[in-house]
Every structure is written in structure tokens, then in C-alpha cells.
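Only one structure is covered here, and it is reproduced in the block below.
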Amino acid sequence: MPPSWTSLALAALVAAPALAQSVTPPAEHLGYPVGADFELPDWNQVSQYFVKLGEQSERVQVSRVGTTTEDRAFLLAVISDPENLAQLDALKAHAKRIADPRGLSPDERAALLTQAKPFVFVSCAMHATETAAPSFAMEFAYLLATSDAEPWASARKEAVILLAPSLNPDGLDHVVEWYRRTQGTPHEGASLTKLYQLYAGHDNNRDWFGLTLAETRIVTGLLYSEWFPQVYWDVHQQRGGRERFFLPPYRDPLNPNLDPAVVTAIDALGSRALFDMTREGLSGISTGVTYDMWWNGGNRSVPVRHNVIGILTEACSVNFASPVFRRPDELEAPRGLGGYAPSNRFPKPWPGGWWRLRDIVDYELSFGRSLLGSLAREPKTWLANSLEAAERALDVEGEAPAAWVIPSSTNHDRGAVRRLVDGLLLGGVEVFVADEPFRADERTWPAGSLIVPRRQPYGAHVKDLFELQRYPAGDPPYDVAGWTLPLLFGVHRVEVVREFGCAQTRIGSAEQATAKFPPAVAGDARDTASWAAAFKRLRAEEDVYFVDDEGPVALRPEGKDFKRLRLPRIGLYAPWFGSMDEGWLRWVFDTHGVPYVRVRNEMLRAGDLGAFLDVLIVPSLRGSDLDDGRAPGSVPGRFAGGLAPEGAIAVEEFVRQGGRLIALGDASEWAIELLELPLVDAIAAAAKEEQGRDTGFSCGGSVLRAVPTASAEINAGLPHSLALFFSNSAAWDLGEVPKDAPEPTVLLRYAPQRTLYSGWIRKPEVIQGKAAWVHSLAGKGDVHLFGFRPQYRGWSQATFQLLFRAILVPRSRVAPKG
């Protein structure tokens, strides 16, 4: 038993002998010390412990608050003194009132701050490969339930702790099962052969405004519809030989939509924790590096847009539960620091040595003690801070924008509108429908249009989702620079500058969002819901025609035979490692009813692909990953290797014999080389012109504008401009076309000017006017190349239908008209 665990457990037993005797310590439940080397509890062990804790302690209530994607229980533990738990409904009502203080009188306000208790929400193990947090959660909950030492006793009295022991129970089981299977083998510590969370994998922390995953939706509902916490702590780990532990303050830039007092509260709690943890003798703690306060969409980021103190901590990982040894000369400085030496942002470097799972638990417990101590010492300060932030969110009269309008007359993608509104409502945002025509900023909008007012408690969240982002000049962004959600969804939203009046009704569901829109065109191809309906009809072997000769382009059950669509046999390439890009493709397909089979290296290496496939889709993977796969010896033999040479040759023969290949993102370069297509990488060519010097072009994650080729039949009905997500994507020029070879058709170009919609781009002229989506014949078959990823993280709904068109529209209708 490690000394740190012994001291903590003994402190709890001495402080509250009677209560601790009746509550099972987690080590007794597990049969080994918490954080022991080579030991990981699975979800059954963790969840059973929390159920047991709820049964044994009057200070703990445990409930199933939802069901995961794979049908496991999603648990929430509520921990506080019995007196607080007895009046939990009243305390929840107080928290809700603090989050929405509209109409409070001064006396009611003062009484509210006296009667309320701070709520702190602690989320663990969203990334299931960050394995210490469920073990930490068990010990953290046990100490809160049993110890009368500080800060545990005061925290129970002065606050209510909401603890989710895992945000990803499915992934926890997958990771633990894989670790146990490979433990003691040459493959111990190897990454999984699949995504640990269905569809998203590590991208589950990029889903907090897309809200595609069951787990994300559960937590979002808990935060903004039920509990309304004032503080959110997101417990993470990071890889590498850098700092042992990161905590706030964050680095610049700072998003201007964030309330300054909420930001400085994050800084204050983080700085106090750095002080407390250093006094406890812990080293290797950094602050003000790596993680910024710019982008929306992360689990600690969205709460800040809801006037909640959002705190991220990152502990250095081990190999699942296997210890790692770091020599001093292997250690690297935290990102943004010049060297591995003492700094104001890194005051006490870690000296190196063994790093264990238990060390991570100890650091997380130390931060937890500091956080709870800060909240318990000044509970009213943190309540008042949240209340004041909500009041400031409401005090925006006269500021622009005043509201956003989603016109009923110009939004043809009703599926996208409903999805957007669904996310807003789940995030606690108020949305209204206009009962009559109205004027705003000297424009007239029809009845049925949606109105999202700025003046509401979570107005900053809407503003951050709806406005165009402009990332500050300087270093490239750490993560996403622009994310304007209506653009990505293909929803026309209008920013209204001045206040206006309108008879309106608040809506409560996504279905109500389009209920008063004008009657829809049957099968309108501009509506992603129509594509889902088309796939459903095709699966039922019913007729679907791509009708584009009268009125809006539509997907209808009748039409001319040469416009008939047929459902191909679709294969989706899946490597033997967790590809998030492949996962998001599966999410788009499963959500829209696209049938497919996942194809592995061995299936393609076997050849004769036309025997079971008509269309092969390759997600964004580097050529080396496709050809070589996982290195021999790094994983069990059946998972090693890639396509080359047999699989690559089989793909080439499949296309030349009449199959269709669709390659996305990085995989497009592999396909260009494989099929010898006359396309030139515009970004690489610009670098070559600079004789190897940096061209200066950079665009890591932003919303760009693209323009469809008007003459291509496959593009019929597309808007004149499309928003797409560009994340280190590709752009092409047409090269020299060999004699007797077909010339590729450019279907979509990056806009020749005004390319950036939202985010950050350096030297846009390198890609302006260049090809983004190309179609080419190859023998009897054809290939679609997307330089970007049309399904990016499930966000870019505006470009989903480009993928659907590439799958369904026959090659005879892809070429230019005439």
C-alpha cells in the first residue's frame, strides 16, 4: 500500500471512526490499493462501488441519470451533509435562480445568496485512456463521505459536490479489457485497435456544441436544465514527458465573449491550487501554458459561456496502469517555455524518475483538496460571482447584436434547423417563433421565423456560436480557431443589431422549430432530411430519382430513368487503430440511414473487391498509415500491416474495372498517387516555389468559403457558396493531362476571394480558387477526391450532402453538362 494512500485513509478513519467503519474503503472493495501498479478497475467495479457508497453513507446519493451509447448505466453521485441532501430540491431551485436572476428584488437577491449552497460538478475520464480518474473518483468520494478532516468536512457543510465517476463508461471497459489482455505481453501499453468511444474516440471532448453523443447530451442536460453548478472541474491527463500536472490560469488568447470575473475566478482557484500543491511538496506543476481560452466546444469551455467557472486539469499519463521511468535528460519544458527550468509558470520542475498511476491520483486529490477548500472558505463569494455574471449577461440592452433571426423563408434545410435548435435548447438557450411578420434592422421577416434573443442568461453562449470568429494575430491556435455553427450546419441566420418588437412564442422542442415554416417541397434536396428519406426508400428497394429539371432539385419517387438513383454496396475502410475520421463517417451514415460495411486491410488484400463492393470510401488517413498500418510487433500479429502492396493494387484494379473510390482529406494524396491522377498539391507547390522555405500558409481549424462548379450536374441545387471546415486540408491545381487520359472535373473550389468565413488563416492566396472536390474517371470506374473532410467531427452538416451525392449520383451525371 503506497504511503500516500495509507496516510489519507488513516486520516479519514481517525477523524470519523464511527462513520468510516460502516463505509467500505475503495481498496477493500477492489482488493488492491487505489492506484496500484498494473491494476485498473472496470466500469462494473467502479459503478458497484458508488452504488455501495450510496447505500452505506447518508452523505451520498447515487443515481442513474442516463444510459450510454452501449447501454451501460451513466451514474452521478451527489455528496454533501445530510442536512443539505434533505433540502436538495430547494438548493437546486436556488442554483437555478442564480443562473437566471431575472425579476429578483434586492431582498430576494440577498436571501438567495444566504440560502444557496455552491454546486461543484466534477467530471472524470471523458477520455477513457486517461485511466487514473475513475480510481481518483472512488477515493475522492470516500473521503468526502467519511472524513471529518478539512477540507472534506467544511466542503460537505458549505457545498454540494456532483461527481460523475466516468463520462465514458463504455470506453473505460474497452480500455481496461484491452490493457488486461495485453498486460505482460510485448504489446503492453499499445493503443487500442478501435475507438474507445463509439464514433468519436478522443474527439468526444469536441462534441459539446455539436451534441451528437449520448454521453454529451446527458451531461449537458444535467448542467443547464437540472443542477446549474457554479464550478465545473474536468479531470484529464496528457501524454508526454513534460509537466506532471497542468492547472489554470490558461494561456492567451482570451475569447472576448467570456465574462471577465468568471475568467479571473478560474485564475484565482488555479493559482491557489498551485500554491497549496507546491506547499504539499508536489513538483512539476505548470500554469499558463498550452491550453487557451479561445475556442468553444470543449467540456470545460462551454460551461464558461454559461457563467460557470470551468477548470481543466491535466496530469501526465502512464501506460494505462504500467509505470514509466523518465530520465532527467528526457524531460521537456511545458509548451511555451524555453527550457526545463524553474519559471513563474513552472516554479518547481519535477526531477525525473518513476511515474505511477498512484502519483496521478495523489496530484488530483491534492488539487481537489485545494478546490474544495477555496469553495468552503468563501461559499457566498462563488455564489455571488455566478449571480453577478448572469446579471451582466442580461444587462446588454443597447448592445449589438440584439438578437439573431433564422428566417422561415430562406432556410430550406429543415433538418439542419431542427438540429441547431435542438442543441440550443439542450444548452439552456431560449428560442422563440414569430407569430406574425416583423421588421428588424429595416428588413421584413415572415411569420414562422425563429428568434434567438441576446438578452438571456446564456446569451454569451449563443453569441459565441453564432458570430464570425476572428482569431487574434500572433501564434497559430492550439485548437480550433473558428466554429460558427449556423454556417457549418448550413443554416441562414441573420444578426439583428437593434432591438425590435414582435409577437412571439417560446418553443420547447426541435420539432416546433420548423412547424410554422412554409410547406416544404417534397424531397427537397437542399434538406438533409430528404437524403435520409431517400436512403430509407432505397434500402426498401423503392425508386428514387434525382430530379433537377423543374423547380428546386428534389429526391422523388418518380422521374426519368436516366435520373434514377441506385443504392450501391458501400464499403467504409477501417484501419486497425482508432480513426476518429472513420468514426465520424459512421456517425453521419448511421444518423442518415446510409447502409455500409466496414472493410479491413485483410478484406482488401484478398482482392476481387467488385464481388462485394460498388463504392469504397477511405477516410482521412495518411498514405503511410494506409500502406503500412501498424508496425509488426507493436500489436498482436493479426492487427499489424496495411494495404501495400496487395490491398493498394486491389483498390486500383477495383476502380479501373468499374468501382468508385471516395477519398477524404489526407487519403486523397494516396489515391492521386495510386491512380496517377494529374493533380498538383497547391500548398506543396507553393512551398517548392519558395525553395523549401515556409510559404507562410497555415489554417489549422477554421470555416472557409467554397464555390461549387455551376456547370456540373451533380451540383444541381447547391447554394452559390458553401461553408466547409478546413483543418490542415488539401487544395489542388490541375496538372498536365496525359494524352488520351480524361481530364479531372473540379466540382468545388475554395473561394477566389473572401475565403475566410470564421477563424484564422495565413496566406489564403495559396489556396484561393484551388480545387477542393474533384472527380476523375479512371478506367471503367471513377474517383471522388475531397481535400477537406465533409463530415468533420459531425459539425459540418452543410457538406454532408456532398458526400451523399458522391455516393449516389452516377458517373454519367457527374461530368459537366453538355
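We count residues from 1, following the sequence as given. Below, all heavy atoms of this structure are taken into account, side chains as well, without hydrogens, waters or symmetry copies.
At distances below 3.5 Å, not a single donor-acceptor pair connects side-chain atoms of Asn307 with backbone N or O atoms of Leu387. Arg156 places a side-chain N or O within 3.5 Å of a backbone atom of Ser147 that can act as its donor or acceptor partner. Judged by distance alone, the side chain of Tyr142 and the main-chain N or O of Leu53 form no donor-acceptor pair under 3.5 Å. Side chain of Asn204 to main chain of Met126: a donor-acceptor pair is present (N/O by atom type, distance under 3.5 Å, no hydrogens or angles). Remark: side-chain polar atoms of Ser374 are paired, donor with acceptor, to backbone N or O of Ser370 under 3.5 angstrom. Checking side-chain atoms of Gln237 against main-chain N and O of Thr131 turns up a donor-acceptor pair under 3.5 Å. Side-chain atoms of Gln512 come within 3.5 Å of backbone atoms of Ser509 as a donor-acceptor pair (strictly under, hydrogens ignored). Using a distance-only test at 3.5 Å, with no hydrogens or angles considered, a donor-acceptor pair links the side chain of Gln56 to the main chain of Thr24. Here the side chain of Arg239 pairs no donor or acceptor atom with the backbone of Cys316 at under 3.5 angstrom. Checking side-chain atoms of Arg356 against main-chain N and O of Pro323 turns up no donor-acceptor pair under 3.5 Å.
Between the CH2 atom in Trp233 and the CZ atom in Phe121 there is a gap of 13.5 Å [rounded to 0.5 Å]. Rounding to the nearest 0.5 Å places CD of Glu314 at 11.0 Å from CD1 of Ile360. To the nearest 0.5 Å, atoms CD (Glu430) and CD1 (Ile507) are separated by 11.5 Å. The distance from atom OH of Tyr179 to atom OG of Ser322, rounded to the nearest 0.5 Å, is 3.0 Å. Taking OH of Tyr196 as the reference point, atom NZ of Lys194 lies at 13.5 Å (rounded to 0.5 Å). For the atom pair CZ of Arg358 and CG of Asp37, the computed distance is 11.5 Å after rounding to the nearest 0.5 Å.
Looking at heavy atoms from C-beta onward, Val302 lies in side-chain contact with Asn296 at the 4.5 angstrom threshold. Residues Val65 and Glu226 are not in side-chain contact: their nearest non-hydrogen atoms beyond the backbone lie 4.5 Å or more apart. Put simply, the side chain of Arg793 does not reach to within 4.5 Å of the side chain of Thr212, judged on heavy atoms. The shortest side-chain heavy-atom distance between Pro303 and Tyr224 falls under the 4.5 Å cut-off. No side-chain heavy atom of Leu247 sits under 4.5 Å from any side-chain heavy atom of Ile311. Under the 4.5 Å side-chain criterion, counting only non-hydrogen atoms from C-beta, Phe228 is not in contact with Arg97. Here the side chains of Leu222 and Leu162 are not in contact, with every heavy-atom distance at 4.5 Å or above. Side-chain contact between Leu112 and His94: present, with at least one pair of heavy atoms (C-beta onward) separated by less than 4.5 Å.
Side-chain rings of Phe140 and Trp152 approach one another, their centers coming within less than 6.0 Å. Ring pair Tyr458/His306: centre-to-centre distance below 6.0 Å. Ring pair Trp795/Phe725: centre-to-centre distance below 6.0 Å. Ring-centre distance between Trp178 and Phe320: not below the 6.0 Å cut-off.
Relative orientation of the Phe800 and His592 rings is perpendicular, given thresholds of 30° and 60° on the angle between their planes.
Scored by the side-chain hydrogen bond (donor to acceptor under 3.5 Å, both in side chains) test, Asn299 finds Ser123, Tyr232, Asp234 as partners (sequence neighbours excluded).
Among the candidates Asn168, Thr220, Thr69, the single residue satisfying the side chain to side chain donor-acceptor pair (under 3.5 Å) test with Glu215 is Thr69. Exactly one of Asp464, Val304, Ile266 qualifies for a side chain to side chain contact (heavy atoms under 4.5 Å, CB included) with Leu258. That residue is Val304.
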Query raised in the report: Given Tyr792 and Leu488, is the side chain to side chain contact (heavy atoms under 4.5 Å, CB included) satisfied, shown in steps?
Result: CA-CA 10 Å; Tyr792 190 84; Leu488 288 173; over 6 Å; no

Requested in this report: Run the numbers on Arg244 and Asp362 for salt bridge (charged side-chain N to carboxylate O under 4.0 Å, His left out), then give the verdict.
Outcome: CA-CA 11 Å; Arg244 299 298 96 184; Asp362 285 340; over 6 Å; no

Trp576 vs Val635, test: side chain to side chain contact (heavy atoms under 4.5 Å, CB included). Steps then yes/no. CA-CA 10 Å; Trp576 283 117; Val635 286; over 6 Å; no

- Task: Just do the side chain to side chain contact (heavy atoms under 4.5 Å, CB included) check on Arg206 and Trp295 with the steps written out, would you?
- Result: CA-CA 10 Å; Arg206 305 296 185 270; Trp295 97 283; 3.2 Å; yes

Residue pair Leu420, Leu485: steps toward the side chain to side chain contact (heavy atoms under 4.5 Å, CB included) verdict = CA-CA 8 Å; Leu420 179 65; Leu485 201 57; 3.9 Å; yes

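Closest of all the heavy-atom pairs between Asn385 and Ala265 is ND2-CB, 3.8 Å. Considering every non-hydrogen atom in both Leu195 and Ala200, the closest pair reads CD1-N, 4.2 Å. The heavy-atom pair separating Leu425 from Ala510 by the smallest distance is CD1-N, 3.9 Å. The two atoms that bring Ala73 and Trp43 nearest to each other are O-NE1, 3.1 Å, heavy atoms only. Nearest heavy-atom pair, Trp227 versus Ala95, reported as atom, atom and distance to 0.1 Å: O-CB, 3.5 Å. Among all heavy-atom pairs drawn from Ser620 and Asp581, the shortest one is N-OD2, 2.6 Å.
By the neighbour-count criterion of 12 heavy atoms within 6.0 Å, atom CZ of Arg598 is densely surrounded, having more than that number from other residues, nucleotides or ligands.
Here salt bridge (Lys or Arg N to Asp or Glu O under 4.0 Å) pairs that include residues 586-595, with residues two or more places apart or in two chains, are Glu582-Arg586. Residues in residues 62-76 take part in these salt bridge (Lys or Arg N to Asp or Glu O under 4.0 Å) pairs, two or more places apart or across chains: Glu70-Arg72, Arg72-Asp170, Arg72-Asp173.
Using modelled atom types, one finds no donor on one side chain facing an acceptor on the other under 3.5 Å when comparing Thr313 with Glu364. In this model, no donor atom of one side chain and acceptor atom of the other lie less than 3.5 Å apart for Gln456 and Asp100.
Judged by a 6.0 Å distance limit and a 45° cone about the ring axis, Arg305 is not positioned over the six-membered ring of Phe209.
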